[in-house]
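Working notes, beginning with the structure itself.
Below, chains carry the letters A, B, ... as their sequence lines are ordered, and counting in each starts from 1.
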There are 2 protein chains.
Amino acid sequence: MTSSLQSTEERILKAAKKVFHRKGFEGARMQEIADEAGINKALLHYYFRSKENLFEAVFRDAFLELTGYAKTVFLSDNPIKEKIHKFLGYYIAILNENSYIPWFILNAIYTRPGTMKAIFDNAELNPPELMAHLQHQIKTEYGSEINPFHMWLNVLSLSIFPVIAKPLIREIFQLPEDAYKQILEQRKTEVPQFIANALKGYEQSDSMIE
Amino acid sequence: MTSSLQSTEERILKAAKKVFHRKGFEGARMQEIADEAGINKALLHYYFRSKENLFEAVFRDAFLELTGYAKTVFLSDNPIKEKIHKFLGYYIAILNENSYIPWFILNAIYTRPGTMKAIFDNAELNPPELMAHLQHQIKTEYGSEINPFHMWLNVLSLSIFPVIAKPLIREIFQLPEDAYKQILEQRKTEVPQFIANALKGYEQSDSMIE
DNA sequence: GATCGGTTAAACTATTTGGTTAATCTATAC
DNA sequence: GTATAGATTAACCAAATAGTTTAACCGATC
């Protein structure tokens, strides 16, 4: 039953993901990860010396995956509306399956800020480049000097918050899982539309200028 | 040094807030709360029998404070743009001082969903009423059948996410505390403008209809 | 000055938890 | 076949932690 399709290390990482994503560093138990991986607890320490190490590996994976795609999309050559649409599609798809990820990332940053800095630096996000790119694109497509940072932050907010807040909103509105899935599905088209409309609005009344 | 301006119970609650907000349930230590309150650990259990009880009290306070104001603002008689402005002003002000609150709320919901349900029910949020109110207002002010749920969720996203994600974004952009404070300050006017522009856009091209 | 609620200090319990160790198993090389 | 190195296990350890108990203390009030 050792299912050697995956190496032990892969099995551990997969199990660690599952547990850390749902419970964070403090809430996760090494024993639970071992059980989830179907191995002995000692073997966990054999592969990853400490809880800290294992957590870092899990965080790195999640962080690089999320930022990696965002970087690709935002720096691509598509028109803005298309970018936003792709971004939303990707995130909603991924996060529908694994909706704990953004919470997990935030959690890690809040509770273990020191540990994370090295990983940030590794991600090579180059924000100035991104901002310059967006600013240029906004000017070309909409003839407007909208502050690209606020624009970018708006896109992120509209994409990610509804996923993070899912359990809260589901509880408040008494929505079943499927209903919320459908709402997120709608947002794949609604949000780009919403933002495009806002951008049109700026053509007449310029604001959002720093 | 017993600073009897506050009752012991108040001192405990204040200390518990500070610790729970920053570390969540799992990360918080009863000893640390006792120290923070300047009292004995036994006294903690004398007032609040268990960690669970104390946590619930802290969560209740935070949750009711946050939702209470949101309810008031969204159901008030101001025009939409004004509502959004007020909402943002309030949240950015509160959360600038105490930026852990939204993370703490989410944290509680993710890690202790069972414990929270009773408190939800107690908050008397009445979402259908809110939605009906917003829908009517949007129609009156903008003559458009925009889905009020998406609109409401957009406002929340644009308001709350930038606060939750503060440590992440500060790290990515290498921004000092003050710079980010200033950004949030800008958003008090930028976001209502952004949304108003989007709403204007809907007057021509209707979407966001369910 | 006895009583009583609030408070402290300290020892203690029971349990959990990250981490370690020494032995065992398994597969490959010789 | 058996020696060897790596993978895996069961048992164990030390520290931390929530919660309890007990005895004493303090200040107000009766």
Side-chain angles (χ1 to χ4, degrees), chain A residues 1-60 104 107-108 110-116, chain B residues 1-60 104 107-108 110-116:
Chain A
M1 192 51 98
T2 19
S3 139
S4 48
L5 290 176
Q6 300 168 52
S7 71
T8 304
E9 189 169 343
E10 280 168 336
R11 287 227 309 288
I12 292 177
L13 261 177
K14 197 175 163 187
K17 253 181 212 178
K18 193 168 173 182
V19 176
F20 276 132
H21 282 187
R22 277 167 182 67
K23 312 206 168 176
F25 182 84
E26 300 278 0
R29 299 287 163 251
M30 294 297 266
Q31 185 60 58
E32 194 182 348
I33 295 173
D35 291 347
E36 181 72 36
I39 57 156
N40 189 285
K41 185 161 65 90
L43 204 54
L44 235 55
H45 289 89
Y46 178 75
Y47 279 91
F48 302 83
R49 302 167 51 96
S50 66
K51 190 184 185 181
E52 182 69 41
N53 279 348
L54 187 51
F55 183 78
E56 266 187 48
V58 170
F59 179 84
R60 176 174 287 111
F104 164 74
N107 219 14
Y110 269 93
T111 58
R112 315 187 71 68
T115 325
M116 312 287 85
Chain B
M1 193 52 98
T2 18
S3 136
S4 47
L5 290 175
Q6 302 168 50
S7 71
T8 303
E9 189 168 343
E10 280 168 338
R11 288 227 309 287
I12 292 177
L13 263 177
K14 196 175 164 188
K17 251 181 215 179
K18 193 167 172 183
V19 177
F20 276 134
H21 282 187
R22 276 164 181 68
K23 312 207 169 174
F25 183 85
E26 301 277 359
R29 298 287 165 251
M30 293 297 266
Q31 186 60 58
E32 192 182 348
I33 295 173
D35 291 347
E36 180 73 35
I39 56 154
N40 192 287
K41 184 159 68 95
L43 204 56
L44 232 58
H45 288 89
Y46 179 74
Y47 278 91
F48 302 82
R49 299 168 53 95
S50 65
K51 189 182 185 182
E52 181 69 40
N53 280 347
L54 187 51
F55 183 78
E56 264 186 50
V58 170
F59 179 83
R60 177 175 288 112
F104 165 74
N107 220 14
Y110 269 92
T111 57
R112 315 187 71 69
T115 326
M116 313 288 82

(message) Quick check: on DNA chain C, is the nucleotide nearest Glu52(A) upstream (toward 5') of the one nearest Lys41(B), or the reverse? Name the residue that is more 5'.
(response) Lys41(B)

(request) Start with the C-alpha distance between Glu56(B) and Lys51(B), add both sets of side-chain angles, then the distance that settles side-chain contact (heavy atoms from CB on, under 4.5 Å), and finish with yes or no. (result) CA-CA 9 Å; Glu56(B) 264 186 50; Lys51(B) 189 182 185 182; over 6 Å; no

(request) Specify the separation, in whole Å, of atom CG of Leu44(A) and atom P of dT17(C). (result) 14 Å

(request) From the options dT17(D), dG18(C), dT9(D), select the nucleotide whose nearest atom is closest to the side chain of Arg29(B). (result) dT17(D)

(request) For Phe48(B) and dT20(D), give me the distance from atom CZ to atom C1', rounded to whole Å. (result) 19 Å

(message) Measuring from the side chain of Ala42(A) (C-beta onward, heavy atoms only), which nucleotide among dG6(C), dG18(C), dT20(C) has the closest atom?
(response) dT20(C)

(request) Grab the CD-P distance between Gln31(B) and dA11(C) for me, whole Å please. (result) 14 Å

(request) With heavy atoms under 4.0 Å as the rule, sort Ala28(B) into base, sugar-phosphate or nothing. (result) sugar-phosphate

(message) I want to know whether Phe55(A) and Phe104(A) have ring centres closer than 6.0 Å.
(response) yes

(message) Output the rounded distance in Å from OH (Tyr46(A)) to C1' (dA7(D)).
(response) 5 Å

(request) Please report, rounded to the nearest Å, how far the C1' atom of dG18(C) is from the CE atom of Met30(A). (result) 7 Å

(request) Can you measure from CD1 (Ile33(B)) to NZ (Lys14(B)) and round to the nearest 0.5 angstrom? (result) 15.0 Å

(request) Show your working on side-chain contact (heavy atoms from CB on, under 4.5 Å) between Thr115(A) and Glu52(A) and close with a plain yes or no. (result) CA-CA 9 Å; Thr115(A) 325; Glu52(A) 182 69 41; 2.7 Å; yes

(message) I want to verify a distance call: between dG6(C), dG18(C), dA18(D), whose nearest atom is closest to the Lys51(A) side chain?
(response) dG18(C)

(message) Please report the distance, rounded to the nearest Å, between CG in Asn40(A) and P in dC12(D).
(response) 14 Å

(request) Would you mind classifying the nucleic acid contact of Ile39(B) as base, sugar-phosphate or nothing, using non-hydrogen atoms under 4.0 angstrom? (result) sugar-phosphate

(message) Nearest whole Å is fine: how far is dG18(C) P from Asp35(A) CG?
(response) 12 Å

(message) dT8(D), OP1 or OP2 - any side-chain N/O from Thr8(A) closer than 4.0 Å?
(response) yes

(request) With heavy atoms under 4.0 Å as the rule, sort Tyr47(A) into base, sugar-phosphate or nothing. (result) sugar-phosphate

